[in-house]
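Just below is one structure, and these are the notes that go with it.
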Amino acid sequence: MLHCCYSSSIWLRSRMVTTDDTFDFIIVGAGSAGCVLANRLSADRSVRVLLLEAGGRDINPWIHVPVGYFKTLHNPKTDWCYKTDPDPGLNGRRIDWPRGKVLGGSSSINGLLYIRGQAADFNYWRQLGNAGWSFDDVLPYFKRAEDQERGADDHHGSGGPLKVSDMRAKRDVCEALIASAAANGIPPNADFNGADQEGAGYFQQTAHKGRRWSTAVGYLNPVRHRDNLVIETHAMGLGVLFSDDSRRVSGFAFGRAGRRHEVFLKPGGEVILAAGAIGSPQLLQLSGIGPGALLKDNAIAVRHALPGVGENLQDHLQIRMVFEVNVPTLNDEINHLFSRAKIGMQYIFQRKGPMTMGASQVCIFTKSRPSLEVPDIQFHFQPLSADKPGIKMHPFSGVTSSVCQLRPESRGRIAITSPDPDVYPSIQPNYLSETLDQETVVNAMKVSRRLFSTAPLKDFVVREHLPGLGIESDAALLQSARDIAQTIYHPTSTCKMGPADDKGAVVDTSLRVHGIDGLRVVDASVMPTITSGNTNAPTIMIAEKASDMIVKSRRHAAA
């Protein structure tokens, strides 16, 4: 438990900063969004920016090796190591929910896969009343962030802080999957972030010359020596500070080394929560902002009753089907000492080979049923197999066909269970609680089987290891999905963006918390609905757009 008193001075950036020292912006969380904000907001040298991160520096060498997520997931030095509550939709199982706890946040431990989502995702946000968030509105920010290896065009940017590169390692079994997809009417697609998402092809990834390109590397490293930017690691967020009994934010409290510290804003300054879909609602609730009954149950005074805080939780649930094949896969190479050493040498001396791989190689966006207008399921194909990432590979030549529903209807909740910030909140995903989600999962598993029973891929297949061909009926497939499904690490939407008349909305279209002055949320939690694909790229876009809005608002106020 942290001491209730706070020190009169704290060390930041290797110099003494007193509690009289104030900031224009206090950014809480140096993850995918926080690093973007720190870069863009500190570009104005007249403002002072404080960036707080609960984890440490990104010095673990495995962070910077693309395949190193096998070492950083489930590692408490780099991963919060959250677990869900027992979930009825998963037959009462609790599952791991990794989240980055290090500079760069989840962009330092994720699978590096660069997917923006469908244009329809953002147009739907606009239809929900969020002016300025249609696809045409957000595309410039995707492009501004991007340094696309292939160069700039109508859909892509070059010269931005975020390196986006093509997959280097390819295998025959991957080519066979793309060909079998074509035989099933799923066209080849060389750019899932271009004109059309539907199709099969290779992922692009946030990497450069064989190394991970997190937001800490791309956005924070180039500017970390700016005199007006202070970066504090191992700073555990405790809550927002207010001026007396008002709803005007005055600063932020954090703990480090067992002591409480408080930092304050200049007049007109802002606290920006960028702690993610779990951390941001937790900090709001700890600060007395959230569902009134929940706060009272946890002995927290209600500063502002905002029922949507922590609600509307959405995630992509993956069904990982495993097949044994008749050609060597990474299972064979990693399970043998000599092959493993060869892979290491190839990476060290050439920056090539399996260690440059992201979490998956082949991506497929397709429809679980033909009546749909746009894809509703996504495949992540890996030339390896294990019970879950970071665990020992299977003892046979295996591949994994992971499939997830892109737009689930099930909704969950993040809720504190204690006023102690060190106590993890309750995570209740409520997976597969809606009929459509159940039907989509079953259909998706059938699509996976269809791909693996179509030439040329079927010529590689020895057997289905998981869930196994004895499972045939829809009821049996759904039961199996409940038994084997895992998160694909995309929690969103717990501080939903929406107009003031939306009772579930937490922030407005400028990402300002409804009913509170000087407080914004900028991370994946503000998504009204989850995007159709991997969520890191949209989170970076949100921070790019937010930084623009904040800068323009500040200029307007000064005019």
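- Remark: N123 engages no residue in a side-chain hydrogen bond (donor to acceptor under 3.5 Å, both in side chains) (not counting sequence neighbours).
- Applying the ring pair (Phe, Tyr, Trp, His ring centres under 6.0 Å) test to pairs two or more places apart or on separate chains, those with a residue in residues 108-130 are F122-W125, F122-F142.
- Residue pairs meeting the ring pair (Phe, Tyr, Trp, His ring centres under 6.0 Å) criterion with at least one member in residues 459-479, sequence neighbours excluded, are H394-H465, F396-H465.
- Taking CD1 from I377 and CD1 from I319, the interatomic distance works out to 11.0 Å, rounded to the nearest 0.5 Å.
- Annotation: side chain to side chain contact (heavy atoms under 4.5 Å, CB included) contacts of S510 (sequence neighbours excluded): D508, R512, R520, M549.
- With salt bridges taken as basic N to acidic carboxylate O contacts below 4.0 Å, none links E175 and K170.
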Identify every side-chain donor-acceptor pair in residues 183-191 under 3.5 Å, counting partners at least two apart or on other chains, and give the distances.
unit_1: N184; atom_1: ND2; unit_2: S180; atom_2: O; d: 2.9
unit_1: N184; atom_1: ND2; unit_2: T454; atom_2: OG1; d: 3.0
unit_1: N189; atom_1: OD1; unit_2: D191; atom_2: N; d: 2.8
unit_1: N189; atom_1: ND2; unit_2: D196; atom_2: O; d: 2.8
unit_1: N189; atom_1: ND2; unit_2: Q197; atom_2: O; d: 3.2
unit_1: N189; atom_1: ND2; unit_2: E198; atom_2: O; d: 2.9
unit_1: D191; atom_1: OD1; unit_2: H156; atom_2: NE2; d: 3.3
unit_1: D191; atom_1: OD1; unit_2: N193; atom_2: N; d: 2.9
unit_1: D191; atom_1: OD1; unit_2: G194; atom_2: N; d: 3.3
unit_1: D191; atom_1: OD2; unit_2: H156; atom_2: NE2; d: 2.6

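- Residues K101 and D79 are not paired through a salt bridge, judged by the lack of any N-O separation under 4.0 Å between the basic side chain and the carboxylate.
- For N335, the side chain to side chain contact (heavy atoms under 4.5 Å, CB included) partners at least two apart in sequence or on another chain are N331, K392, M393.
- Side chain of W213 to backbone of P161: a donor-acceptor contact under 3.5 angstrom is found.
- There is a side-chain donor-acceptor pair under 3.5 Å between S532 and D121.
- A distance-only check finds no donor-acceptor pair linking the side chain of R99 to the backbone of G276 [under 3.5 Å].
- To the nearest 0.5 angstrom, I542 atom CD1 is 7.5 Å from L511 atom CG.
- Qualifying side chain to side chain contact (heavy atoms under 4.5 Å, CB included) partners for S448, counting only residues two or more places apart in sequence or in other chains: M321, F323, F379, S401, F452.
- For the side chain to side chain donor-acceptor pair (under 3.5 Å) criterion with H490, the lone passing option out of Q318, Q314, H316 is H316.
- For R450, there are no side-chain hydrogen bond (donor to acceptor under 3.5 Å, both in side chains) partners, not counting sequence neighbours.
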Would you give me the side-chain donor-acceptor pairs under 3.5 Å for residues 467-479, sequence neighbours excluded?
unit_1: S473; atom_1: OG; unit_2: A476; atom_2: N; d: 3.0
unit_1: D474; atom_1: OD1; unit_2: K446; atom_2: NZ; d: 2.7

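- With hydrogens and angles ignored, the 3.5 Å screen pairs no side-chain donor or acceptor of S32 with any backbone N or O of T539.
- Residues meeting the side-chain hydrogen bond (donor to acceptor under 3.5 Å, both in side chains) test with E333, sequence neighbours left out: R171.
- Put simply, the side chain of D153 does not reach to within 4.5 Å of the side chain of Q148, judged on heavy atoms.
- Neither side chain, S158 nor D147, offers a donor N or O lying under 3.5 Å from an acceptor on the other.
- Neither side chain, N110 nor Y489, offers a donor N or O lying under 3.5 Å from an acceptor on the other.
- Interatomic distance, CG of N536 versus OG1 of T206, reported as 6.0 Å (0.5 Å rounding).
- Here R40 pairs with E544 under the side-chain hydrogen bond (donor to acceptor under 3.5 Å, both in side chains) rule; sequence neighbours left out.
- With hydrogens and angles disregarded, no donor-acceptor distance shorter than 3.5 Å links the side chain of D315 to the backbone of T487.
- Using a 4.0 Å cut-off between charged nitrogen and carboxylate oxygen, E149 and K209 do not count as a salt-bridge pair.
- Side-chain atoms of T72 never come within 3.5 Å of backbone atoms of T78 as a donor-acceptor pair (strictly under, hydrogens ignored).
- Under the side chain to side chain donor-acceptor pair (under 3.5 Å) criterion, no residue pair touches residues 341-360, with sequence neighbours excluded.
- A salt bridge between R93 and D483 is absent, with no side-chain N of the basic residue lying under 4.0 Å from a carboxylate O of the acidic one.
- Between the side chains of D523 and S525, at least one donor-acceptor pair of N or O atoms lies under 3.5 Å.
- Inspection of the S410 and D437 side chains reveals an N or O donor paired with an N or O acceptor under 3.5 Å.
- In this model, no donor atom of one side chain and acceptor atom of the other lie less than 3.5 Å apart for S108 and D58.
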| said: For a side chain to side chain donor-acceptor pair (under 3.5 Å) check, start with the C-alpha distance between Y202 and D166, then their side-chain angles and the critical distance, and finish with the verdict. | reply: CA-CA 8 Å; Y202 289 96; D166 290 330; over 6 Å; no
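- Put simply, CE on M541 and CD on E146 are 13.0 Å apart, with the number rounded to the nearest 0.5 Å.
- The backbone N or O of D387 lies less than 3.5 Å from a partner atom in the side chain of R320, making a donor-acceptor pair.
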